[in-house]
Number of protein chains: 2
Amino acid sequence: MKNRIRIERAILNITQAELAERVQVSRQTINAIEAGKYSPTLALGMKIAAQFEKTVNEIFELEEED
Amino acid sequence: MKNRIRIERAILNITQAELAERVQVSRQTINAIEAGKYSPTLALGMKIAAQFEKTVNEIFELEEED
DNA sequence: ATAAAATGTAAATTAAATTTTACATTTATT
DNA sequence: AATAAATGTAAAATTTAATTTACATTTTAT
């Protein structure tokens, strides 16, 4: 699962910790998702996309292994 | 988490079992997600939306409790 | 160059998604 | 009306997401 979280965070100029707080998860969870370590739940993915005022499909992209 | 899976299945005229097979999960998983019992992983949500040739945000909608 | 902030990571635990098996109920077909 | 197909559901087991704590490394600010 590829994603544009790092880029969108840079645009908003917020840290992983700040994003984590906004979507109510731990900083490590944001770090892991941003690094593509696993697929978040759909609810979390939608909340993250909403923070960036983008759709899920604009932020996340499926890969073969998913 | 609300969703339009039932409607989109009707449009495609496919069963829960058929959808399950297409996205490689069990029929019970599709049944539970369609009934809104829990939030699927983002990867699964994206695969389901892709089957209907729609974006995730067109198929799923966040609710307060999510 | 130093200190502070941010990010990366890892192990152990908890919470939640998904599978499997199995059966009951509802809906469609003949 | 009878049969088959589809859907609903439930418990137990497994897998995966997410938390917590803790520390190491990298980046940014002074």
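Because the structure is a prediction, the values reported are computed rather than measured. Just so we're on the same page: letters track the sequence lines, and every chain starts at 1.
Side-chain contact between A:L42 and B:I33 is absent, with no heavy atoms from C-beta onward closer than 4.5 Å.
Each of A:Q28 and B:R27 lies near DNA chain D, and the nucleotide nearest B:R27 is the one positioned closer to the 5' end. Comparing B:T41 and A:A17, the nucleotide of DNA chain C nearest to each residue sits closer to the 5' end for A:A17.
Distance alone, capped at 3.5 Å, places no donor-acceptor pair between the B:T41 side chain and the A:S39 backbone. Distance alone, capped at 3.5 Å, is enough to place a donor-acceptor pair between the A:K47 side chain and the B:D66 backbone. The backbone N or O of B:E34 sits less than 3.5 Å from a side-chain atom of B:N3, completing a donor-acceptor pair.
Checked against D:dA6, D:dT20, C:dT18, the side chain of B:T15 finds its nearest nucleotide in D:dA6. Here the nucleotide nearest the side chain of A:L44, chosen from C:dT18, C:dT19, D:dA18, is D:dA18. In this structure, of C:dT19, D:dA17, C:dT7, it is C:dT7 that holds the atom nearest to the side chain of A:R6.
The side chain of B:K37 places no N or O atom within less than 4.0 Å of a non-bridging phosphate oxygen (OP1 or OP2) of C:dT18. The phosphate of C:dG8 (OP1 or OP2) has a side-chain N or O of A:N31 nearer than 4.0 angstrom. Dashed line: the shortest gap from a side-chain N or O of A:T29 to OP1 or OP2 of D:dA18 is not under 4.0 Å.
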